[in-house]
Amino acid sequence: MWKEAAHEADEEAGFGGPVGADAVARAERRLGEPLPAVLVSLLGECDGIVGHDGTDTVWPLEQIVEQNLFFRSDPDFARLYMPFDALLFFGDNGGGDQFAFVRTPEREDVFVWEHEDDSRRWVARDLRDYLERALAGGGDDWYR
């Protein structure tokens, strides 16, 4: 389902192998929160999706964990930016902006965090809409 959706938007999209339930459970323990069901479903088919110019449209599971732990604990980020605890980052545009689900309150929508000004704004109604928009050929700034 997810690979097909990605290929509809970009027939050259690349995919990692599927992620097992044990790996998801370990990731959730490390993060201290469950991953959104829709993201778990995608990871069950493919461990990340690579789009245009090698952009990590959806990160592999390990990168999701590492990036979220980093963003939530880096002391420099704590001084520079609003807290990231309510966000779950899962992809980027290749230029520093990150895409995330809002976890508090839990939403299906996808938001972008723009690193230049610390803004967080809506970009897609759900993960499928995000994939369609991000992979459709609009370049790395499709959301602007």
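All values derive from a computational prediction rather than experimental measurement.
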Does any part of the side chain of L87, heavy atoms only, come nearer than 4.5 Å to the side chain of F101, both counted from C-beta? no
Check: Same cluster for V38 and V24 if Ile/Leu/Val/Met/Phe/Trp/Tyr side chains link at under 4.5 Å?
Finding: yes
Sequence neighbours excluded, the answer for side chain to side chain contact (heavy atoms under 4.5 Å, CB included) partners of E62 is R30, E66
Value for CD1 (I49) from CZ (F90), rounded to nearest 0.5 Å, stands at 9.5 Å
Taking every heavy atom of C46 against every heavy atom of K3, the minimum-distance pair comes out as CB-CE, 4.0 Å
> Between Q63 and D56, is any pair of side-chain heavy atoms under 4.5 Å apart?
Replying inline: yes
Could you go through residues 10-19 and list every donor-acceptor pair under 3.5 Å that involves a side-chain atom there, pairing it with any protein atom two or more places apart or in another chain?
{"unit_1": "D10", "atom_1": "OD1", "unit_2": "E12", "atom_2": "N", "d": "2.9"}

So side-chain hydrogen bond (donor to acceptor under 3.5 Å, both in side chains) across residues 75-90, not counting sequence neighbours, yields D76-R79
query = Going by heavy atoms in the side chains, are V40 and E28 under 4.5 Å from each other?
reply = yes
For residues 34-50, the side-chain hydrogen bond (donor to acceptor under 3.5 Å, both in side chains) pairs (sequence neighbours left out) are W2-S41
Residues A27 and V65: closest non-hydrogen pair is CB-CG2, 3.4 Å
Residue pairs meeting side-chain hydrogen bond (donor to acceptor under 3.5 Å, both in side chains), one or both in residues 14-23, sequence neighbours left out, come to none
Query raised in the report: Going hydrophobic residue to hydrophobic residue with side-chain gaps under 4.5 angstrom, can you get from L127 over to V50?
Result: no
Sorted by chain and number, sequence neighbours left out, side chain to side chain contact (heavy atoms under 4.5 Å, CB included) with A5 holds for R128
| Please walk me through it: do L88 and V102 pass side-chain contact (heavy atoms from CB on, under 4.5 Å)? | CA-CA 6 Å; L88 181 80; V102 173; over 6 Å; no
field: Beyond-backbone contact of L35 with L61, side-chain heavy atoms, under 4.5 angstrom
entry: yes
Have D117 and S119 got a donor and an acceptor in their side chains that come within less than 3.5 Å?
yes
In short, salt bridge (charged side-chain N to carboxylate O under 4.0 Å, His left out) pairs touching residues 92-114 with sequence neighbours left out are E33-R103, D97-R144, R103-E106, R107-D109, E114-R121, E114-R144
Here the ring pair (Phe, Tyr, Trp, His ring centres under 6.0 Å) pairs for residues 32-51, sequence neighbours left out, are none
Across all chains, not counting sequence neighbours, the side-chain hydrogen bond (donor to acceptor under 3.5 Å, both in side chains) partners of N93 are Y143
Just do the side-chain contact (heavy atoms from CB on, under 4.5 Å) check on F99 and F111 with the steps written out, would you?
CA-CA 6 Å; F99 298 98; F111 287 75; over 6 Å; no
**Request:** Could you tell me whether the side chain of S73 and the main chain of L69 form a donor-acceptor pair under 3.5 Å?
**Result:** yes
Sorted by chain and residue number, the ring pair (Phe, Tyr, Trp, His ring centres under 6.0 Å) partners of F71 (sequence neighbours excluded) come out as F77, F84, F89, W113
In terms of heavy-atom contacts, T55 and G94 come closest through CG2-N, 4.0 Å
Value for CD (E132) from CZ (R125), rounded to nearest 0.5 Å, stands at 6.5 Å
Exercise. Going only through I, L, V, M, F, W and Y residues with side-chain contacts under 4.5 Å, is there a path from W122 to M82?
Worked result: no
For R120, the salt bridge (Lys or Arg N to Asp or Glu O under 4.0 Å) test, sequence neighbours excluded, returns D118
